[in-house]
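The block underneath contains the structure these notes are about, expressed in structure tokens.
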Amino acid sequence: MARDFYEVLGVSRDASADEIQQAFRKLARKYHPDVNKSPDAEEKFKEINEAYQVLHDPKQRTRYDRFGEDFRKVPEGYENMAGAGAGPGGFRGRGGGGGFPGGGGFRGGEQGEPFTWTYEGGGEGVDMEDLLGGLFGGRGRGAGRGAAGRGAGPIPGADQEAELTLTVEEAYHGGPRKITLSGPDGPRSYDVNIPPGVSDGQRIRLAGQGGQGRGNAGAGDLYLVVRLAPHPRYRVEGRDIHVRLPVAPWEAALGASVPLQTPGGQAKVTVPPGTSSGRRLRLRGQGMPRRQGEPGDLYAEVQIMVPKHLTPRERDLFEELSRASAFDPRQPEREGARA
């Protein structure tokens with residue numbers, strides 16, 4: 001007996017169309033023959049594809065829910081006849097001859113011969129003994145015919161993924177770029193338009209650039225997963241950019257306007273008087289851009305730097321400052337402590 005289509009896709013019987021599609025795409029990526037080279041991958045993919053082709057079509061899904069795996073054997077329109085359906089796995093039979101919508105009907109042969117159902121206009125006769133036997137779990141003369149063709153037909157190409165590593169500056173500005181990826185058929189080049197402000201983990205879709213389909217089916221898509229390379233100066237968190245801002249002791253103490261290099265170019269940062277190391281200064285809208293909506297912010301973290309080697313004059317000034325100042329960085333500063 002064939003596996004239940006819902007079981008094949010791993011969804012419940014009341015799953016929505018979106019849930020069915022998502023389950024199919026996930027399994028297709030895993031078992032597509034272009035991706036999975038295991039011996040049973042192709043058969044598994046055919047099973048997944050068949051389940052999806054039925055369940056994503058509302059009309060076929062309705063027939064499958066009503067008649068089970070033998071839904072293909074039931075003539076079109078039969079489910080609309082009074083008393084025809086009895087749920088998945090079978091239907092209620094009716095005595096005597098009867099007509100089917102579309103011109104079909106029972107035809108009795110000589111005594112002892114099985115009834116057949118024919119479609120007006122010359123369709124292939126279906127042995128009713130075979131039909132009913134299949135529906136009720138029997139093994140009629142044609143019991144294997146339906147299973148023989150399962151999985152036949154075009155197989156769509158598999159969606160594929162590849163990582164695209166960018167610097168923070170490249171991600172910030174975006175723009176056209178040519179990349180080369182190595183695959184089973186050798187290296188291939190692609191022209192990619194990178195959106196400005198693309199973030200780590202974001203996927204860029206290249207339609208029709210994935211695995212090739214079979215039997216005239218369309219190719220899959222190629223998804224480039226963006227990865228931001230580590231940067232010596234910038235740290236990106238979501239849309240915000242963090243950067244260190246080195247300042248001199250007198251700039252921190254007296255306040256200053258100091259230059260800062262950002263991915264978008266040079267900016268000026270106002271350092272308030274009395275700024276200590278670790279203080280974060282926010283530059284609104286100077287973070288990663290966003291195609292729709294507000295850009296992120298840039299946070300400059302102050303880092304007070306002192307010279308490694310002092311000139312004689314610098315040493316004299318620092319010594320004079322140490323004698324004149326009552327400031328103790330290890331104690332909380334009190335109001336009015338300074339004269």
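Both backbone and side-chain heavy atoms feed into the values below; hydrogens, waters and symmetry mates do not. Sequence positions, counted from 1, serve as the residue numbers for this chain.
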Residue pair [X] / [Y]: nearest heavy atoms and the distance that separates them:
| X | Y | result |
| --- | --- | --- |
| P259 | L245 | O-CD1, 4.2 Å |
| A15 | R61 | O-NH2, 2.9 Å |
| L228 | A171 | CD2-CB, 3.5 Å |
| V225 | G201 | CG1-O, 4.1 Å |
| V306 | P249 | CG1-CG, 3.8 Å |
| F45 | A28 | CE1-CB, 3.7 Å |

Just how far is it from atom [atom1] of [X] to atom [atom2] of [Y], taken to the nearest 0.5 Å?
| X | Y | atom1 | atom2 | value |
| --- | --- | --- | --- | --- |
| T262 | E169 | OG1 | CD | 9.5 Å |
| D4 | R13 | CG | CZ | 5.0 Å |
| N216 | I155 | CG | CD1 | 12.5 Å |
| Q160 | D221 | CD | CG | 10.0 Å |
| W250 | L321 | CH2 | CG | 11.5 Å |

Task: Check against side chain to side chain contact (heavy atoms under 4.5 Å, CB included), L166 and R177 - done: CA-CA 11 Å; L166 302 174; R177 181 177 177 182; 2.6 Å; yes
Ignoring hydrogens and geometry beyond distance, is a side-chain donor-acceptor pair present between [X] and [Y] at under 3.5 Å?
| X | Y | answer |
| --- | --- | --- |
| N49 | Q53 | yes |
| D65 | Y6 | yes |
| S12 | D14 | yes |

Residue pairs, two or more places apart or on separate chains, that pass salt bridge (charged side-chain N to carboxylate O under 4.0 Å, His left out) and touch [range]:
| range | value |
| --- | --- |
| residues 247-272 | none |
| residues 294-319 | R282-D297 |
| residues 186-202 | K178-D191, D200-R227 |

TODO: Under the salt bridge (Lys or Arg N to Asp or Glu O under 4.0 Å) rule, collect the residues that match up with E7, sequence neighbours excluded.
DONE: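 Only R3 meet the salt bridge (Lys or Arg N to Asp or Glu O under 4.0 Å) criterion with E7.
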- [ ] Can you sort out the partners of D240 under salt bridge (Lys or Arg N to Asp or Glu O under 4.0 Å), two or more places apart, ordered by chain and number?
- [x]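 Counting only residues at least two positions away or on another chain, D240 forms no salt bridge (Lys or Arg N to Asp or Glu O under 4.0 Å).
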TODO: Might you work through the side chain to side chain donor-acceptor pair (under 3.5 Å) test for N36 and S38, ending with a clear yes or no?
DONE: CA-CA 6 Å; N36 192 325; S38 62; 2.7 Å; yes
- [ ] With R203 as the cation and Y223 as the aromatic partner, state whether NZ or CZ is under 6.0 Å from the six-membered ring centre and within 45° of the axis.
- [x] yes
Can any side-chain N or O of [X] pair as donor or acceptor with the backbone N or O of [Y] at less than 3.5 Å?
| X | Y | result |
| --- | --- | --- |
| T165 | A229 | no |
| R63 | F71 | yes |
| R239 | G197 | yes |
| Y64 | F5 | yes |

Task: Audit row: D57, K59, salt bridge (Lys or Arg N to Asp or Glu O under 4.0 Å) steps and yes/no - done: CA-CA 6 Å; D57 183 321; K59 185 176 180 181; over 6 Å; no
Open item on the list: In terms of relative ring orientation, are Y234 and H231 parallel, tilted or perpendicular, with 30° and 60° separating the classes?
Closed with: tilted
TODO: Test side chain to side chain contact (heavy atoms under 4.5 Å, CB included) on E170 and I194 and set out the steps.
DONE: CA-CA 9 Å; E170 289 171 334; I194 300 170; 5.9 Å; no
Task: Worked verdict on I241 versus M288 for side chain to side chain contact (heavy atoms under 4.5 Å, CB included) - done: CA-CA 7 Å; I241 301 175; M288 297 294 280; 3.8 Å; yes
TODO: Output all residues satisfying ring-ring contact (aromatic ring centres under 6.0 Å, His included) with Y299, sequence neighbours left out; order by chain, then residue number.
DONE: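 If we apply the ring-ring contact (aromatic ring centres under 6.0 Å, His included) test to Y299, skipping adjacent residues, the hits are H242.
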TODO: Using the side chain to side chain contact (heavy atoms under 4.5 Å, CB included) rule, take I204 and V192 through it: C-alpha gap first, then chi angles, then the decisive distance, then the call.
DONE: CA-CA 9 Å; I204 301 174; V192 183; 4.2 Å; yes
